[in-house]
Amino acid sequence: CTSALPTAYVNPVKCLTSQASGPPKRPLNGYMRYVLQQQPIMTGQNPEIKSVDIIRKIAQQWRTMSPEQKQPFEEASLRAREQFKVDLQRYQAQLTPAQVQQQALEKRQRLAKRKAIRKKRELTNLGKPKRPRSPFNIFMSEHFEDARGTTTQAKMKSLLEDWRNLFNHQKQV
């Protein structure tokens with residue numbers, strides 16, 4: 001990975017190139033390049049500070065930087081993005097039609113899974129129960145106050161006994 005930037009702006013370990021086994025990785029934006037450069041410096045200066053607080057300080061520094069100070073990071077990001085486009089086209093050109101179909105299928109599955117997770121999260125936030133209550137659960141909650149026994153455990157045991165003594169047609173909701 002070659003770069004026209006000074007070595008202070010490029011982390012050679014993080015230089016992203018295409019991998020032989022899969023598609024090329026997306027390049028880092030200017031801000032992330034700045035964070036990767038500053039994080040070891042800030043951690044070395046302040047080893048007692050938590051990582052989250054270090055990132056907050058770096059983010060504050062980035063916000064206060066002038067566009068001229070940000071320019072080297074942004075330019076490196078642009079160059080990396082152009083290289084990524086070339087690498088991606090080269091990668092896609094060498095794929096077989098079966099591999100293209102497989103990737104499309106995997107992408108649809110990922111999107112469907114993400115959509116299902118989002119829907120489940122929304123239902124949870126709305127307070128919808130995970131599954132319908134069982135007849136036994138409904139019986140327990142409706143009769144708990146009237147149950148025999150002084151402790152919760154004794155009440156639960158007496159309700160379980162009452163439930164077992166009910167006929168099947170009485171247990172139906």
From the options Gln89, Lys85, Gln83, select the one residue that forms a side chain to side chain donor-acceptor pair (under 3.5 Å) with Asp87.
Gln83

Do Phe136 and Leu166 share a hydrophobic cluster, counting only Ile, Leu, Val, Met, Phe, Trp and Tyr and linking them when any side-chain heavy atoms are less than 4.5 Å apart?
yes

Report whether Met32 and Trp62 are members of the same hydrophobic cluster (ILVMFWY, side-chain heavy atoms less than 4.5 Å apart, transitive linking).
yes

Answer yes or no for Lys25 and Phe84: cation-pi contact, defined as NZ/CZ to six-membered ring centre under 6.0 Å and angle to ring axis within 45°.
no

Can you confirm whether Gln39 sits close enough to Thr43 that some side-chain heavy atom of one is under 4.5 Å from a side-chain heavy atom of the other?
yes

Sub-4.5 Å side-chain heavy-atom contact between Arg148 and Glu161
yes

Should Met42 and Ile55 be marked as a side chain to side chain contact (heavy atoms under 4.5 Å, CB included) after you check the CA-CA gap, both sets of side-chain angles, and the distance that decides it?
CA-CA 9 Å; Met42 293 287 278; Ile55 297 296; over 6 Å; no

Within the 4.5 Å heavy-atom criterion, are Gln38 and Ile41 side-chain neighbours or not?
yes

Over 12 foreign heavy atoms within 6.0 Å of CD, Gln101:
no

Distance, nearest 0.5 Å, that separates CZ of Arg81 from CD of Glu74:
8.0 Å

Do Met65 and Leu36 belong to the same hydrophobic cluster, where Ile, Leu, Val, Met, Phe, Trp and Tyr are linked whenever their side-chain heavy atoms lie under 4.5 Å apart, directly or via other members?
yes

Where do Ala147 and Ser158 come nearest, in terms of heavy atoms and distance?
CB-OG, 3.8 Å

Closest heavy-atom pair, Gln94 versus Gln99, reported as atoms and distance to 0.1 Å, is O-OE1, 4.2 Å

With side chains defined as the heavy atoms from C-beta onward, is the minimum distance between Thr150 and Lys155 less than 4.5 Å?
no

Identify each donor-acceptor pair in which a side-chain atom of residues 114-127 lies under 3.5 Å from a protein atom, sequence neighbours left out, and give them as a table.
residue : atom : partner : partner atom : Å
Thr124  : OG1  : Lys120  : O            : 2.8
Asn125  : ND2  : Arg121  : O            : 3.4

Could you check whether the rings of Phe139 and Trp163 sit parallel, tilted or perpendicular, using 30° and 60° as the cut-offs?
tilted

Any salt bridge linking Asp53 with Lys50? Criterion: basic side-chain nitrogen under 4.0 Å from a carboxylate oxygen.
no

Is a donor on one side and an acceptor on the other found under 3.5 Å between the side chain of Ser77 and the backbone of Phe73?
no

Spacing of OG1 belonging to Thr152 relative to NZ belonging to Lys157, to within rounding of 0.5 Å:
12.5 Å

State whether the side chain of Gln37 and the backbone N or O of Tyr34 hold a donor-acceptor pair below 3.5 Å, judged by distance alone.
no

Provide the closest heavy-atom pair for Pro27 versus Ala80 in the form atom of the first, atom of the second, distance.
CB-CB, 3.6 Å

For Ile54 and Asn46 the tightest heavy-atom approach is CD1-O, 4.0 Å

Give the C-alpha distance, both sets of side-chain angles, the deciding distance and a yes or no for side chain to side chain contact (heavy atoms under 4.5 Å, CB included) between Lys57 and Ile49.
CA-CA 11 Å; Lys57 281 186 175 187; Ile49 296 180; 3.5 Å; yes

Within a reach of under 6.0 Å around CD of Glu106, are more than 12 heavy atoms found that belong to other residues, nucleotides or ligands?
yes

Answer yes or no: does atom CE of Met156 have more than 12 heavy-atom neighbours from other residues, nucleotides or ligands under 6.0 Å?
no

Grouping I, L, V, M, F, W and Y whenever their side-chain heavy atoms are under 4.5 Å apart, do Met140 and Leu160 come out in a common cluster?
yes

Does anything in residues 134-147 pair up under salt bridge (Lys or Arg N to Asp or Glu O under 4.0 Å), and if so which pairs, sequence neighbours excluded?
none

